[in-house]
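Below, each value reflects all heavy atoms present in this structure, side chains not excepted, and no hydrogens, waters or symmetry copies.
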Amino acid sequence: MFRKFRSEVLRILGNYGDERFLRETAHADICSTIAFKLAKKEGRKPSELANEIVSTFKFDSDYIGKIESVNGYINFYTNQEFLEETVNAILDEDENYGSFDAEKQRVLIEHTSANPDGPLHIGHIRNSIIGDTLARIFRKAGIDVRTQYYVNDMGRQIAITCIGYKKFGVDRNKKPDRAIVEAYIKMNREVENSANLEKEVEKLMLDYEAGKDYAVKLFEEVVNLALEGIKETLLRLNVKHDEYVWESMFVRNGYVERIIKMLEEREMLKEEDGALIIDMKKLGYEKDVVVKRKNGTTLYVTRDLAYHLWKNENYDKFVNVLGSDHKLIGRQLQDIMTALRLKPPEIVFFEFVSLPEGSMSTRRGKFVSADELIDRVYEEAKKIVEKREDLTEKEKSEIARAVAVGALRYDFVRIAPEKPMTFDWSKALDFERQSSAYIQYSHARACSILRKAVRSGKPEVEFSPELCNAEERKLVMLLSKFSWIVERVLRTLRPNIFAEYLMETASAFNDFYTKYPVLKVDAELRMHRLALVDACRIVLRNGLNLLGIDAIEKM
RNA sequence: GGACCCGUAGCCUAGCAUGGAUAAGGCGGCAGCCUCCUAAGCUGCAGAUCGCGGGUUCAAAUCCCGCCGGGUCCGCCA
């Protein structure tokens with residue numbers, strides 16, 4: 001609804017309706033700073049100009065209640081009809097509230113894509129959570145979205161893992177990704193000081209790329225084992241990919257050869273020592289990019305280019321979520337695609353999650369696994385739920401699970417992707433304020449009121465905008481912004497904006513909750529507030545779903 | 001050495017794209033609030049020269065330049 005109000009404001013502003021100068025502030029529902037900009041150009045006073053602009057307005061909007069000019073700001077306020085329509089739309093549309101029809105397009109979101117050589121750690125899940133949340137938000141906007149995990153099955157570290165797997169076997173009693181990483185870490189230590197093993201790794205990689213049966217069988221076995229464990233972890237976080245795309249597929253299906261041919265046709269390649277190299281100086285880079293070694297094998301970037309050619313043929317838009325260590329290669333990839341007259345991917349880079357003692361490393365076994373984190377957060381949540389006496393054991397563990405997953409997902413998604421994070425156990429295990437538990441709790445409170453209303457035989461809802469007090473008005477304005485925030489995430493690829501919005505909405509609901517009784521007031525006021533409570537319940541629930549967090553009804 | 005990202009109260013963050021009306025939350029600290037819809041909640045107090053220095057502007061946390069601190073990248077690795 002806020003989107004409608006906003007476009008009404010732009011319409012009323014007419015020639016002055018420049019989106020860049022619209023602001024949401026504490027002083028008004030929307031204000032325009034256009035007068036300041038024009039004042040500069042025309043050498044006049046902003047306040048004078050603002051007055052003049054306002055005087056030209058034809059006041060014919062269904063949603064705008066008041067327009068005023070204050071010190072150069074042009075302030076717009078919604079009217080009661082807007083509030084009423086907002087609440088009614090929420091109650092009508094229910095789980096669909098917040099959706100809208102964005103431009104029809106097929107979007108691919110690639111995220112997580114961690115090397116299948118061990119368990120996901122807390123750095124990887126930052127990627128998963130950003131990617132999965134974006135996918136959910138894109139879907140809410142009516143976009144046809146698919147998510148893919150790009151499986152890096154051709155890497156050196158996988159070859160090492162394969163040799164380790166063959167040599168030491170794996171412990172079948174352990175979670176498969178955990179068992180795999182033990183073989184990897186152990187083997188890696190041996191490879192580091194053995195030229196013979198180094199040769200063996202190289203040969204295995206060559207044979208896998210050539211598609212030799214024994215190698216394919218071995219790689220597939222190892223990679224699938226790791227992926228099995230990884231998928232299980234992701235599922236615990238409410239993350240599920242639509243597809244797993246193996247890098248080797250592009251070597252086998254001809255896309256690698258096709259992309260090389262395209263590079264040749266564009267005269268972007270040069271040959272040195274029998275190796276094929278993209279001349280990156282022309283694209284403004286210092287170093288060139290090798291796409292084929294002199295032994296004829298391809299490199300990571302070659303297959304990634306092939307993957308993006310494939311994306312071009314199947315999707316209108318592709319978003320990759322990548323760690324900031326991929327910044328250079330990611331930008332090179334974008335520029336190469338553009339030079340080929342192909343669509344480049346949009347990339348969300350996120351900064352690293354480090355431990356207080358330094359950065360993580362799978363290879364050295366120095367990491368906090370996602371599983372360990374989930375387990376510990378669950379235990380902590382369970383401790384708190386145990387205090388409740390009115391819940392069954394089953395309810396308690398379901399609540400603890402929902403709170404744990406929510407706490408994790410929220411902690412990661414609320415931070416802007418470009419901020420480096422240092423992992424802190426005490427913060428990860430804290431469920432007060434600014435955590436998803438706060439939002440879930442607000443939702444549970446709303447559910448509780450509605451349950452009581454039904455039980456006492458007074459479930460009728462009827463929103464009356466003229467009864468709105470300041471807190472209620474503020475709350476409805478926040479509720480109206482749902483799809484507007486979804487749209488902003490779409491434009492900026494910053495899911496933290498939505499996380500913040502939902503927290504603010506929950507906070508406004510709690511503010512209302514503690515100040516005003518709902519069930520113990522006269523019928524008219526009760527029905528009015530009950531409508532508002534139901535609307536909040538819907539918005540909080542829909543919002544939590546967008547964040548991949550379960551909206552539990554009791555906690 | 002070069003490139004990119006981050007630097008906002010003791011701590012964690014929002015705001016920076018598109019410069020404007022008192023820099024917004026939370027944690028921790030202090031003082032309060034449950035005979036009343038779930039206290040995983042609410043209220044109040046204390047706490048910030050927005051890393052430092054310059055510049056642009058009527059106006060800078062926001063834009064530009066320089067510096068400092070932290071991170072990342074610069075392989076015929078992935």
Side-chain angles (χ1 to χ4, degrees), chain A residues 18-23 25-28 31 33 35-37 39-40 45-46 70-73 75 115 117 152 154-158 247 272-277 285-295 297-301 303-304 323-331 349-352 354 359 381 384-385 387-388 390 399 403 411 414-422 424 426-427 430-435 437-438 440-442 444-453 456 491-492 494 496-497 499-500 503-504 507 510-511 513-520 529-530 533 554-555:
Chain A
D18 191 327
E19 259 197 277
R20 286 175 305 167
F21 307 125
L22 292 189
R23 299 282 183 276
T25 72
H27 305 274
C31 86
T33 55
F36 290 94
K37 304 298 153 194
K40 190 188 187 81
K45 274 187 164 170
V70 183
N71 301 329
Y73 297 92
N75 290 337
N115 290 336
D117 53 14
N152 220 303
M154 298 190 75
R156 196 183 123 81
Q157 69 292 117
I158 305 301
E247 198 183 345
E272 272 174 28
D273 268 347
L276 287 178
I277 295 166
Y285 291 88
E286 269 179 46
K287 304 248 166 122
D288 291 335
V289 167
V290 177
V291 289
K292 213 166 211 183
R293 298 185 181 95
K294 61 182 166 203
N295 70 10
T297 57
T298 58
L299 290 99
Y300 170 83
V301 65
R303 295 161 228 139
D304 210 14
S324 65
D325 53 337
H326 284 69
K327 266 188 173 171
L328 180 61
I329 187 71
R331 282 179 184 144
F349 291 108
F350 66 93
E351 286 293 325
F352 276 39
S354 54
S359 56
I384 297 168
V385 193
K387 293 175 193 153
R388 297 290 301 272
D390 53 329
I399 291 168
V403 168
D411 271 352
R414 63 182 263 265
I415 309 292
E418 70 275 13
K419 299 273 184 178
M421 292 174 78
T422 304
D424 179 340
S426 70
K427 289 198 175 75
D430 178 19
F431 304 126
E432 279 175 12
R433 266 324 222 123
Q434 290 215 338
S435 76
Y438 179 83
Q440 288 170 307
Y441 184 67
S442 312
R445 276 179 148 179
C447 289
S448 175
I449 293 178
L450 293 161
R451 269 198 307 272
K452 290 221 158 88
S456 63
R491 288 197 222 181
T492 59
R494 297 165 68 82
N496 57 302
I497 294 173
E500 206 202 349
M503 181 61 65
E504 204 185 338
S507 175
N510 275 322
D511 193 20
Y513 179 96
T514 39
K515 278 189 187 144
Y516 305 105
V518 176
L519 300 175
K520 285 157 206 158
R529 289 190 179 154
L530 222 38
V533 170
K554 286 183 187 174
M555 64 185 282

Need one value for Ala453(A): base, sugar-phosphate or nothing, where a base atom within 4.0 Å counts as base even if backbone is also close, heavy atoms only. nothing
Sub-4.5 Å side-chain heavy-atom contact between Lys554(A) and Arg451(A): yes
Expressed as a whole number of angstroms, how long is the span from Arg445(A):CZ to C34(B):C1'? 11 Å
For the side chain of Arg20(A), starting at C-beta, report the closest nucleotide among U18(B), A39(B), A40(B). U18(B)
Counting any heavy atom closer than 4.0 Å, what does Ser354(A) reach on the DNA or RNA strands: base, sugar-phosphate only, or nothing? nothing
Reading 5' to 3' through nucleotides 72-78 of chain B, protein heavy-atom contacts under 4.0 Å coded B for base, S for sugar-phosphate only, - for none: SSSSBSB
In short, Glu247(A) meets Met154(A) closest at the heavy-atom pair OE1-N, 3.6 Å
Are Leu530(A) and Leu519(A) side-chain neighbours, meaning at least one heavy-atom pair lies under 4.5 Å? yes
Which residues share a side-chain hydrogen bond (donor to acceptor under 3.5 Å, both in side chains) with Tyr300(A), sequence neighbours left out: none
Nearest-Å distance once atom P is located in both G51(B) and A17(B): 15 Å
For C34(B), which nucleotide in any strand shown is its Watson-Crick or wobble partner with both distances under 3.5 Å? none
Could you tell me how far apart Phe21(A) (CZ) and A17(B) (C1') are, to the nearest whole angstrom? 13 Å
Test of understanding: with side-chain hydrogen bond (donor to acceptor under 3.5 Å, both in side chains), list the residues that count as partners of Arg20(A), not counting sequence neighbours. Asp18(A)
pair_partner(G66(B)), Watson-Crick or wobble, both distances < 3.5 Å, evaluates to C52(B)
Which is it for C34(B), anti or syn, if anything within 90° of zero counts as syn? syn
Using a heavy-atom cut-off of under 4.0 Å over every strand shown, decide if Val291(A) touches base, sugar-phosphate, or nothing. nothing
What's the CG-P distance between Asn75(A) and A21(B), to the nearest Å? 12 Å
C34(B) P sits how many Å from Tyr513(A) OH, rounded? 15 Å
Distance check, C1' atoms only: U62(B) and U57(B), in whole angstrom units. 13 Å
Can you check nucleotides 60-62 of chain B for protein contacts, nitrogen or oxygen pairs under 3.5 Å, and list what you find?
none

Could you work out, with side-chain hydrogen bond (donor to acceptor under 3.5 Å, both in side chains) as the rule, every residue matching Glu500(A), not counting sequence neighbours? none
Which is true for Arg388(A) with a 4.0 Å heavy-atom rule: it touches a base, it touches only sugar-phosphate, or it touches nothing? base
As its Watson-Crick or G-U partner within any shown strand, both distances under 3.5 Å, C11(B) has G26(B)
Please tell me if Lys419(A) has a side-chain N or O lying less than 4.0 Å from either OP1 or OP2 of G7(B). yes
Asn510(A): which residues meet the side-chain hydrogen bond (donor to acceptor under 3.5 Å, both in side chains) condition with it, sequence neighbours left out? Tyr438(A), Ser442(A), Arg445(A)
How far apart are the C-alpha atoms of Gln440(A) and Phe431(A), what are their side-chain angles, what is the distance that settles it, and do they pass the side-chain contact (heavy atoms from CB on, under 4.5 Å) test? CA-CA 11 Å; Gln440(A) 288 170 307; Phe431(A) 304 126; over 6 Å; no
Pairing residues for Glu272(A) by the side chain to side chain contact (heavy atoms under 4.5 Å, CB included) criterion, not counting sequence neighbours: Lys270(A), Ile277(A)
Just how far, in rounded Å, is C1' of A14(B) from CG of Asp411(A)? 15 Å
So does Tyr438(A) get a side-chain nitrogen or oxygen closer than 4.0 Å to the phosphate oxygens (OP1/OP2) of C42(B)? yes
Sticking with atom C1', work out how far A9(B) lies from G26(B), rounded to a whole angstrom. 12 Å
Looking at A14(B), U18(B), C27(B), which one has an atom nearest to any side-chain atom of Ile415(A)? A14(B)
Could you give the distance separating U35(B) and U22(B) at their P atoms, to the nearest angstrom? 41 Å
U43(B) P sits how many Å from Tyr516(A) OH, rounded? 12 Å
Please enumerate all residues that pass side chain to side chain contact (heavy atoms under 4.5 Å, CB included) together with Asp325(A), with sequence neighbours excluded. Phe352(A)
Between atom CG in Asn496(A) and atom P in A17(B), what is the gap in whole Å? 15 Å
Rounded C1' spacing from A46(B) to G2(B) in Å: 47 Å
I want to verify a distance call: between C37(B), A40(B), C5(B), whose nearest atom is closest to the Lys327(A) side chain? C5(B)
Can you name the side chain to side chain contact (heavy atoms under 4.5 Å, CB included) partners of Thr297(A), sequence neighbours left out? Leu206(A), Glu209(A), Arg293(A), Asn295(A)
From CG of Asp511(A) across to C1' of G44(B) the rounded distance in Å is 14 Å
Between N or O atoms, less than 3.5 Å apart, protein on one side and nucleotides 22-26 of chain B on the other: list the pairs.
unit_1 : atom_1 : unit_2    : atom_2 : d
U22(B) : O4     : His27(A)  : NE2    : 3.4
G25(B) : O2'    : Gln434(A) : NE2    : 3.3
G25(B) : N2     : Gln434(A) : OE1    : 3.1
G25(B) : N3     : Gln434(A) : NE2    : 3.3
G26(B) : OP1    : Arg433(A) : NH2    : 3.3

Look at the side chain of Lys40(A) and decide which nucleotide, out of A59(B), C37(B), U43(B), has an atom nearest to it. A59(B)
With side-chain contact (heavy atoms from CB on, under 4.5 Å) as the criterion, how do Glu418(A) and Ser324(A) come out once you've worked through the C-alpha distance, each side chain's angles and the decisive distance to 0.1 Å? CA-CA 8 Å; Glu418(A) 70 275 13; Ser324(A) 65; over 6 Å; no
Using a 4.0 Å heavy-atom cut-off across all strands, classify Leu450(A) as base, sugar-phosphate, or nothing. nothing
Nucleotide nearest Val385(A) when distance is taken to its side chain, options A21(B), A40(B), G41(B): A40(B)
Using purine N1 to pyrimidine N3 plus N6-O4 or O6-N4 for Watson-Crick, or N1-O2 and O6-N3 for G-U wobble, each under 3.5 Å, what pairs with A40(B)? none
Taking only residues two or more places apart in sequence, or in another chain, which ones meet Arg156(A) in a salt bridge (Lys or Arg N to Asp or Glu O under 4.0 Å)? Glu198(A)
I'd like the P distance from C77(B) over to C16(B), given in whole Å. 42 Å
For Asp117(A), enumerate each residue passing the side chain to side chain contact (heavy atoms under 4.5 Å, CB included) test, keeping only those at least two apart in sequence or located in another chain. Asn115(A), Gln157(A), Ile158(A), Thr161(A), Tyr184(A), Thr362(A)
Ignoring hydrogens and angles, tell me if any N or O in the side chain of Arg529(A) forms a donor-acceptor pair with the backbone of Pro517(A) under 3.5 Å. yes
Quick one: on RNA chain B, does Ile384(A) or Met421(A) contact a more 5' nucleotide (nearest heavy atom)? Met421(A)
In whole Å, what separates the C1' atom of G53(B) from that of C58(B)? 24 Å
Which nucleotide in the set A21(B), A40(B), G19(B) lies at the smallest distance from any side-chain heavy atom of Lys37(A)? G19(B)
